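The block underneath contains the structure these notes are about, expressed in structure tokens.
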Amino acid sequence: MKGIQDGVAIVTGGGSGIGRQSSIRFAEEGAKVVVSDIDDDGGNETVEMIEADGGEATFVRTDVTDVDEVHELVQTAIAEYGGLDFAHNNAGIADEGTRLAEYDDAQWDRMIDVNLTGVWRCMKAEILEMVERGGGAIVNTSSVAGVSANGSAHYTASKHGVIGLTRRATVDYADDGIRFNAVCPGVIDTPMVQQAGEDNTEEMDRITAGIPIGRLGDPREIADTVVWLCSEESSYVMGQPIVVDGGLLAQ
Ligand code: NAD
């Protein structure tokens, strides 16, 4: 398995929050990083942050609901940096906290298309290149909602699905030297959560008080886990949902 310092990493949703921090962490370890997002400004800003710190990165606009753009993302890693070793499939959208029967079909379809099928599209393109290259490591962003009901029904279903994909891919591609794991963040201080907090400060205070550590997670704490899951230090960790939640689910 390649060390992070010798590798090439793709991060989806790298223009903000958790994906920005994992892009930065990969670069700090010496990897070359392909940052992707639908948000051009956010993605370019992440690249600037990495370059300002002496790292190497490039931005590609990629909507994970578009199979051609996902293909182009992997092709960029190959064209710019010679291949692909690590991927953090992280792009996602949040729920609105509504109950199951109150969503319409379009909201369900959108959630599944971005959060679940989006991860599958990325895995498919990445795996083909990694098989060719002789191995790699992929981390998918699930959630505590991937292993519990801490989210609305369609968000929870999408995040459970990510863990299913991660487990089955582990079985399918172990012989090819590819490791897959999922990271399951608790409540992390990113624009996704900040937005919800601005809309309802009382609810945010209630949520924070319910986390044993007594604070939200820093996106850096998720990024550290993602990079560890791609490193040789986690060589025997395969097909696992790794919960990083300040003790939320321990209760
Ligand atoms: P964020 O909103 O800060 O970042 C998400 C990024 O994904 C944004 O830059 C956005 O532009 C991008 N994105 C959205 N749709 C996309 C698409 N179709 N194609 C490509 N990019 C797209 O949120 P975050 O908190 O950093 O979330 C990252 C991941 O972590 C998501 O999958 C989210 O579900 C998951 N997560 C977050 C938390 C949390 O508390 N913040 C908890 C559990 C899981």
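Predicted, not measured: the structure shown is a model, and the values here were computed from it. Because only heavy atoms are used, hydrogens play no part in the values below, and waters and symmetry mates are left out as well, while side chains stay in. Starting from 1, each residue takes its place in the sequence as its number. When a ligand or atom number is given, it counts from 1 through the structure's own listing order.
- Scanning both residues, T156 and S148, for their nearest heavy atoms gives CG2-O, 3.4 Å.
- In plain terms, the two heavy atoms of H160 and A145 that are nearest each other are ND1-O, 3.0 Å.
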Report every pair formed by an N or O atom of ligand 1 and a protein N or O atom separated by less than 3.5 Å, giving atom names and the distance to 0.1 Å.
unit_1, atom_1, unit_2, atom_2, d
ligand 1, 3 (O), S16, OG, 2.6
ligand 1, 9 (O), D37, OD1, 3.3
ligand 1, 9 (O), D37, OD2, 2.6
ligand 1, 11 (O), D37, OD1, 2.7
ligand 1, 18 (N), D63, OD1, 3.0
ligand 1, 19 (N), V64, N, 3.0
ligand 1, 25 (O), T190, OG1, 2.5
ligand 1, 26 (O), I18, N, 2.8
ligand 1, 32 (O), N90, O, 2.9
ligand 1, 32 (O), K159, NZ, 2.9
ligand 1, 34 (O), Y155, OH, 2.7
ligand 1, 34 (O), K159, NZ, 3.1
ligand 1, 40 (O), G186, O, 3.3
ligand 1, 40 (O), I188, N, 2.8
ligand 1, 41 (N), I188, O, 3.4
ligand 1, 41 (N), T190, OG1, 3.2

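- For the pair D85 and G7, the tightest heavy-atom approach, listed with the atom from each and the gap, is OD2-CA, 3.2 Å.
- A salt bridge links D113 with R121; the closest basic N to acidic carboxylate O contact falls under 4.0 Å.
- For the pair M111 and D95, the minimum side-chain heavy-atom distance is below 4.5 Å.
- A heavy-atom distance below 4.5 Å is not found between the side chains of P219 and R20.
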